[in-house]
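Notes to accompany the following structure.
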Amino acid sequence: MFLRRFAGPLLAKVKETTGIVGLDVVPNARDVLISLYSKTLKEVQSVPEDEGYRKAVESFTRHRLKVCQEEEEWEQIEKRIGCGQVEELIEEAQDELKLMAKMIEWDPWGVPEGYECEIIENDAPIPKHVPQHRPGPLPEEFYNTLEAVSSLPKIDEQATISKESQPKE
Amino acid sequence: MKRNYKKAFFIFMDNQFIFKYSWKTTPKKWVHKMERSEHGNRSDTNTDYPFQLLCFLKLHTYTRVQVSIDICGVDHPSRKRRFEVVHNLLSTRYNSRIRVQTSADEVTRISPVVSPFPSAGRWEREVWDMSGVSSINHPDLRRISTDYGFEGHPLRKDLPLSGYVEVRYDDPEKRVVSEPIEMTQEFRYFDSASPWEQRSDG
């Protein structure tokens with residue numbers, strides 16, 4: 001019994017360095033992440049429902065929290081979330097909390113009356129000789145979040161529910 | 001239909017996904033025009049909001065734009081709000097670029113974005129120097145590219161190409177003096193319909 005409790009942290013690989021200047025290794029990254037994500041989920045309740053921002057934050061925070069709770073080692077967490085190292089994830093979570101505090105302070109929710117947004121979809125192809133910027137593939141969960149955000153509000157029954165986002169009952 | 005679209009253009013459209021995502025998640029009050037194209041995605045906003053929009057883009061988890069590449073001012077003399085301040089941003093994590101544009105008068109002042117992006121200090125100074133669009137509470141607003149004592153803002157369309165003063169070294173006075181220019185230039189007017197060279201005074 002004691003072996004199982006203590007062998008986990010002992011058998012886990014120790015991270016030597018993050019490889020990034022200025023970012024130190026956080027040994028208890030998993031706990032830090034879990035606490036940050038739970039705090040994020042609590043804070044996002046103050047954002048009005050039906051806002052794309054809230055749906056997106058809930059969707060990816062829940063996914064990441066689930067991954068962190070399932071996996072024990074930082075390496076597995078990194079591989080599954082697919083968004084860089086755990087220290088970077090910690091930084092992202094902290095930034096998200098900062099952002100939420102600011103958004104709640106600025107309060108930009110709701111669509112003003114007479115709001116017109118001009119969307120230009122310019123599909124003109126670039127000439128072949130111009131070097132084109134091809135970004136790399138995005139993490140899997142980004143597409144889930146995008147679907148969660150584009151889903152119609154709960155009132156409409158044709159909402160596409162991705163496996164990550166579940167409307168709060 | 002959406003699924004097939006994604007599969008067929010998977011390699012080319014990744015940049016657009018970040019943009020579409022940012023369109024869905026940014027609060028609607030902030031943007032009033034968005035363009036998505038292969039030539040560069042951009043979003044237009046009102047004067048009050050660029051600071052907030054840029055903070056959002058910087059801190060949010062799925063649009064980590066942490067590098068401000070450039071801020072420049074564009075002069076469109078025919079419009080009422082003649083200047084356009086363009087922020088070019090880059091996200092190193094998701095490898096995507098985005099442009100945020102605001103329009104401003106000669107007298108409108110923009111909020112500086114120096115706190116999220118420290119490099120913007122110099123860009124804002126350049127915008128002030130070249131086009132005359134100043135910032136409120138900017139930590140350090142001085143001229144950066146023009147000569148000391150230069151009057152006027154060079155990148156405005158009403159300043160002629162050769163300027164108004166010329167400098168020369170004056171031997172009796174043993175220093176550089178600036179005098180009104182000897183080679184004047186009229187406002188250049190191009191009319192491609194006629195083969196003869198046009199002059200602005202008819």
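Order of the sequence lines fixes the chain letters, A, B, ..., with proteins taken first and strands second; residue numbering starts at 1 for each chain. What you see is a predicted model; the values in this text were computed from it and never measured.
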Charged N to carboxylate O below 4.0 Å: is that the case for K79(A) and E71(A)?
-> no
Before accepting this row, confirm whether a basic side-chain N of the pair R64(A)/E92(A) lies closer than 4.0 Å to the acidic partner's carboxylate O.
-> yes
Around atom CD of E70(A), are there more than 12 heavy atoms of other residues, nucleotides or ligands at under 6.0 Å?
-> yes
Residue M100(A) versus chain B: region with a heavy atom under 4.5 Å = neither
Given a strict heavy-atom distance threshold of 4.5 Å, which part of Q94(A) is in contact with chain B: side chain, backbone, both, or neither?
-> neither
Using 30° and 60° as the class limits, which term best fits the ring planes of F60(A) and Y62(B): parallel, tilted or perpendicular?
-> perpendicular
Interface check, chain B: of L89(A), D95(A), L97(A), most non-hydrogen pairs under 4.5 Å belong to D95(A)
